[in-house]
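What follows is a short report on a single structure.
Lettering of chains follows the sequences in order, A, B, ..., and the numbering in each one begins at 1.
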Number of protein chains: 2
Amino acid sequence: MIKADPRLPRYQQIRDDIAARIARGEWKAGEAIATEAELSSIYGVAIGTIRRAIDELASDGVIERAHGRGMFVRRADFSTSLFRFFRLGSSGERSISPDSRILSRSLATPSDIVRDRLRLGPEDNAIRMIRLRTDGGKVLLREEIWLSATLFGPILDMDIAMLTPLLYPAYERHFGRIVARAKERLTVETADANVACDLEAPAGSSVVRIERQAIDHADHPLEWRTSHGLADQFVYEVDVH
Amino acid sequence: MIKADPRLPRYQQIRDDIAARIARGEWKAGEAIATEAELSSIYGVAIGTIRRAIDELASDGVIERAHGRGMFVRRADFSTSLFRFFRLGSSGERSISPDSRILSRSLATPSDIVRDRLRLGPEDNAIRMIRLRTDGGKVLLREEIWLSATLFGPILDMDIAMLTPLLYPAYERHFGRIVARAKERLTVETADANVACDLEAPAGSSVVRIERQAIDHADHPLEWRTSHGLADQFVYEVDVH
DNA sequence: GAGTGGTCTAGACCACTTG
DNA sequence: AAGTGGTCTAGACCACTCC
């Protein structure tokens, strides 16, 4: 049933197993998962241990609890957590449908910064992707994405449709790697030639730069991403705890 | 011992009581608080209930746990949570000492936006403060801060030294109101005359605008704040969950 | 009323830190 | 060895939802 490191606490093993089942599609978005009592007998632990596991999944936004009704898989659109740029325009209400287009995907030698952020060894290789996020044909964001080739190597040969529109669900589904949290760093700068070209704006335009390190439950970095978007139409919303 | 709403779960009453004790100075920053077993007998509840209360204080960053040593009041500098703008400069390492200067403090009629964000009634009054955050004489941030006059009225007559350098600890100490989380929204715009003047920059400079709604445990908004800083030296770091 | 999640108990045993 | 927080148990009872 569980093949995780037995040195980890049971509630963490169970948390990861439930997350993996959801990623494998055993429980689908919007559906109710097994009840606490069922899970308790499935895993052979007390109900309190199950609750502890679910607590973390709920705070990760993977599962939603409804008192008296059950526990439900959240639609995996990440709208409340790790995708929340560009509510766009003054209306402020409409949420973006995250169309994305991967421009390139290749094995590459990581810079020292990328090596540090992904915690790669001196010999490790990396995967580099350039991706555009668009809405209604308009380019909103240009992203440079770095992954460890050791962890995500097969991504180079996968059908591109398996990587759209969102990458984090793809990491879960195909590699069992769950992004639990991320560190982000925002600055404002002027666009260089590559960024300006992809954003369809003049070089030297004012752009927002977002660096994001995506991290799993074990505190290991999964992805390093640098995104750029035009400053004058940029909105960034976040809940700070 | 506890005078909170008895309809609330015990662990929430205990959480708030412990937080209030810390705010009153019964346990000081860096000190160990009572052990779980002691708290359990103080409050007359099982140790699991104490743990539940402490869980929330720990995730709020009020208390830090150390396995085998005890539980400690975190230094209340908010450096890891709600004050983390402007790590400033390319060094990226030095953290800012948050000098602050309150320029004005008065009763004012809130706009509809402020009324909405503070959830004020149509007749309620508000307090408006303008504050500068500086480092080494240089102005980094210009803040416009709004509070409910009903909740924070006495702040108008307090010695200004009681409100520096940080406001959130002052809210805790003098009003027992704890900021549990905040919603922030960042945009980039050009400075108007007031902002440019306070930031000692030409009007029309590119500035970052941060709107922040600070919220307590009961999900009630405590403060609405709009901050501006020069875009070219702005760094914003956040942990996203 | 049956079934669900939410709170709370009163322990047990383990892992870590300090003397 | 003593004391601390961390994990886990096997229940009890409550609050909410749905039939």
> Is the closest basic N to carboxylate O distance between A:E144 and A:R128 below 4.0 Å?
Replying inline: yes

> Looking at B:A66 and B:F72, what are the two nearest heavy atoms and their distance?
Replying inline: CB-CE1, 3.9 Å

>> Test side chain to side chain contact (heavy atoms under 4.5 Å, CB included) on B:E56 and B:Y11; report intermediate values, then the result.
In response: CA-CA 9 Å; B:E56 308 215 344; B:Y11 73 89; 3.4 Å; yes

>> By nearest heavy atom, map A:I47 and B:R51 onto DNA chain D; which one lands nearer the 5' end?
In response: B:R51

>> I want to confirm an ordering. Mapping B:T35 and A:H67 to their closest nucleotides on DNA chain D, which one lands closer to the 5' end?
In response: B:T35

> Do the side-chain N and O atoms of B:E184 and A:Y236 include a donor-acceptor pair separated by under 3.5 angstrom?
Replying inline: no

>> Name the residue from A:I54, A:D17, A:V45, A:I47 that meets the side-chain contact (heavy atoms from CB on, under 4.5 Å) definition with A:L39.
In response: A:I54

> Taking A:Q213 as the fixed residue, which of A:R225, A:R185, A:E223, A:K183 is the one that meets the side-chain contact (heavy atoms from CB on, under 4.5 Å) rule?
Replying inline: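 Of the listed options, the one satisfying the test is A:K183.
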
>> Going 5' to 3' along DNA chain D, between which two nucleotides do contacts with chain B fall, using a heavy-atom cut-off of 4.0 Å?
In response: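 The protein-touched segment is D:dG3 to D:dT7.
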
> If you pin A:D55 and A:G68 to their nearest nucleotides in DNA chain C, which one's is more 5'?
Replying inline: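 On the 5' side of the pair lies A:G68.
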
> For B:F72 and C:dC16, what is the distance between atoms CZ and C1' respectively, to the nearest whole Å?
Replying inline: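 Spelled out: CZ on B:F72 to C1' on C:dC16 is 13 Å.
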
